[in-house]
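One structure is given below, encoded as structure tokens.
Throughout, protein chains are lettered first and strands after them, A, B, ... in sequence-line order, and every chain is numbered starting at 1. This structure is a prediction, so every number in the text was calculated from the model and none was measured.
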There are 4 protein chains.
Amino acid sequence: MAGSVNKVILVGNLGRDPEVRSFQNGGKVCNLRIATSENWKDRNTGERRERTEWHSVAIFNEGLVRVAEQYLRKGSKVYVEGQLQTRKWQDQSGQDRYSTEVVLQGFGSTLVMLDGRSEGGGYGGGQSSGYGGGQSGGYSEPYAAQSSAPAPASGGIDDDEIPF
Amino acid sequence: MAGSVNKVILVGNLGRDPEVRSFQNGGKVCNLRIATSENWKDRNTGERRERTEWHSVAIFNEGLVRVAEQYLRKGSKVYVEGQLQTRKWQDQSGQDRYSTEVVLQGFGSTLVMLDGRSEGGGYGGGQSSGYGGGQSGGYSEPYAAQSSAPAPASGGIDDDEIPF
Amino acid sequence: MAGSVNKVILVGNLGRDPEVRSFQNGGKVCNLRIATSENWKDRNTGERRERTEWHSVAIFNEGLVRVAEQYLRKGSKVYVEGQLQTRKWQDQSGQDRYSTEVVLQGFGSTLVMLDGRSEGGGYGGGQSSGYGGGQSGGYSEPYAAQSSAPAPASGGIDDDEIPF
Amino acid sequence: MAGSVNKVILVGNLGRDPEVRSFQNGGKVCNLRIATSENWKDRNTGERRERTEWHSVAIFNEGLVRVAEQYLRKGSKVYVEGQLQTRKWQDQSGQDRYSTEVVLQGFGSTLVMLDGRSEGGGYGGGQSSGYGGGQSGGYSEPYAAQSSAPAPASGGIDDDEIPF
DNA sequence: TTTT
DNA sequence: TTTT
């Protein structure tokens, strides 16, 4: 289908450490459990209530897997932007089951660390974007600002993967 | 939890007519099936491929249910903005099952019709927002623009519900 | 025009304390300066570069003004969601000038504090949403989750303003 | 700065045909004027009001420039996703002036045509994404869906630029 | 299972 | 003028 958009934006905290698994072909997936929650006052009782939603996030992008693995821990606050995907699988009894995840893979996927609490090393947080930007031409006036900022949105950590 | 965001944005087409059900208490839910899809060229074979994702949308907001019921049909293109929610339920064998939906309910939920195909009447499409805006004060200079536009994001169709 | 969306999402830090001004009619506006920035490696020189963008945010929503005033300070990290608006004004020489701002006003505007650094009091951060949610009906099965969470996205702080 | 997000999402109609200019170095920029508008009922007078906001969009991404040039026309409805950027320039009298635009350039920028009205050819609309996806590894089970959809969000039109 |  |  032409003309569609599939976008999920979450800001929340990890319920546990990231879990990374490797595939036979060398690829990796990193799974996160992210909690979002909201408070409201019950219309009838007037009492304050809270509801927490747990989200399953699957990161396939190599650079973002590296960031998640290295810098995120249980309790970390993150901004993630990805796509909704539902997978079909079979349970032990052979029945069809479905799991819906927020998938970070390829273009437009983003992972931004929002605190430094969980970092073991000296890295102080940082944005990492799925597939790096870059730009097919250098621009001159009248867009000097862009000219001097060839790939403003490119992720820092993926640089070695940007195929220029 | 303080400080979280749970947002889904979809632009896609309805796979079938909206389905509306009523609750005992007079409330309604409207369920949509929305398709988004993407094309890419296979890295290995070089052939063009397409993948369609189907999303379950549940609208609880009274005004948006009315809009969906009245103006959306199979094939309609829509922009929806809501929240990810996973419900737990029991199948016939008593096993726990989970369904993840995009829920439009309350603050920040939006439904925007993007074509006129499905409209039976003269209504030419329009944005409808969950719970209307409104503003607690009238503003004067230097924000004349806002002053004259007290509730710029308010939906048109919910007006009778906006407590001005 | 029917069928349009105007949405800005920023995550960044305040460059200075929030500035609140009052209007004659009792309304208030709170102005924020929010920095976002990005890093990239220059394609030609290979050196690391950074570009910071400064955003002007104007909050008209009463509840959000209160939150910003009370909890945000220079350096605070925030998530804001609002609309792009361009105002026309005259400079001293009578020439037309234009200023573009991210406006938080009414439906769909959001302000989420992402750190606790700036809080003077005991309030530990929290999401505050423009105009509170609420729900026009109580729902029963089969959407028990929603039934027990009537207005999941409603802001906590605005509750007294929700007109039920 | 680490940890920031700068995102604008618009759905609206072009007020005039796209304007494309070339730079000395061969780069191009395509400027769009996009209208979004909203309706509301005046709190005081009760009358229906409308406010239209005009947005300046600058597309630097080569593939998206091509799409805009070829398929968009005055009146076309589009979804755009880009970044807020403010440029400084000097007017004739040498005074500093600022212009804020929605910039589509590099990672995360998106342009989706939402109608077919403006197309001269047989192309029925389509999503086009800034810098194509692609994936650094092939995935196997248990994520078969992803395995067979290596770059789900890649744009169709940029394919010749995707460096596989 | 997070966070406040 | 923030932040890392």
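Remark: C1' of F:dT3 and OH of A:Y79 are 17 Å apart, rounded to the nearest angstrom. As rounded to whole Å, 13 Å separates atom C1' of F:dT1 from atom CD of C:E53. A:D115 has its CG atom 11 Å from the P atom of F:dT4, to the nearest Å. Straight-line distance from the NZ atom of C:K77 to the P atom of F:dT2: 14 Å, rounded to whole Å. In this entry the distance linking OH of D:Y98 with P of F:dT1 reads 13 Å, nearest Å. Computed from coordinates, the A:L14 CG to E:dT2 P distance equals 11 Å when rounded to whole Å. Between the P atom of E:dT3 and the CG atom of A:N13 lies a distance of 6 Å, rounded to the nearest Å. Distance, A:R48 CZ to E:dT3 P: 20 Å, rounded to whole Å.
Of the candidates F:dT2, E:dT1, E:dT3, the closest approach to any side-chain atom of A:S37 belongs to E:dT3. Candidate nucleotides F:dT3, E:dT1, F:dT1 were compared by shortest atom distance to the side chain of C:R16, and F:dT1 ranks first. With F:dT1, E:dT2, F:dT4 as the candidates, the nucleotide lying closest to the side chain of C:E50 is F:dT4.
Between the side chain of C:T52 and the base of F:dT2, a donor-acceptor pair under 3.5 Å is found.
Checked for salt-bridge contact, A:D115 and A:K77 miss the test: no charged N lies under 4.0 Å from a carboxylate O. Between C:D17 and C:K74, none of the side-chain N atoms (NZ, or NE/NH1/NH2) sits under 4.0 Å from a carboxylate O, so this pair counts as no salt bridge. A salt bridge does not link C:E62 to C:K28: none of the charged nitrogens lies less than 4.0 Å from a carboxylate oxygen.
Between C:Y79 and A:Y79, the angle of the ring planes lies from 30° to 60°, which puts this pair in the tilted group.
Aromatic stacking is not marked for C:W54 over F:dT2, as the cut-offs of 5.5 Å for the centres and 30° for the planes do not both hold.
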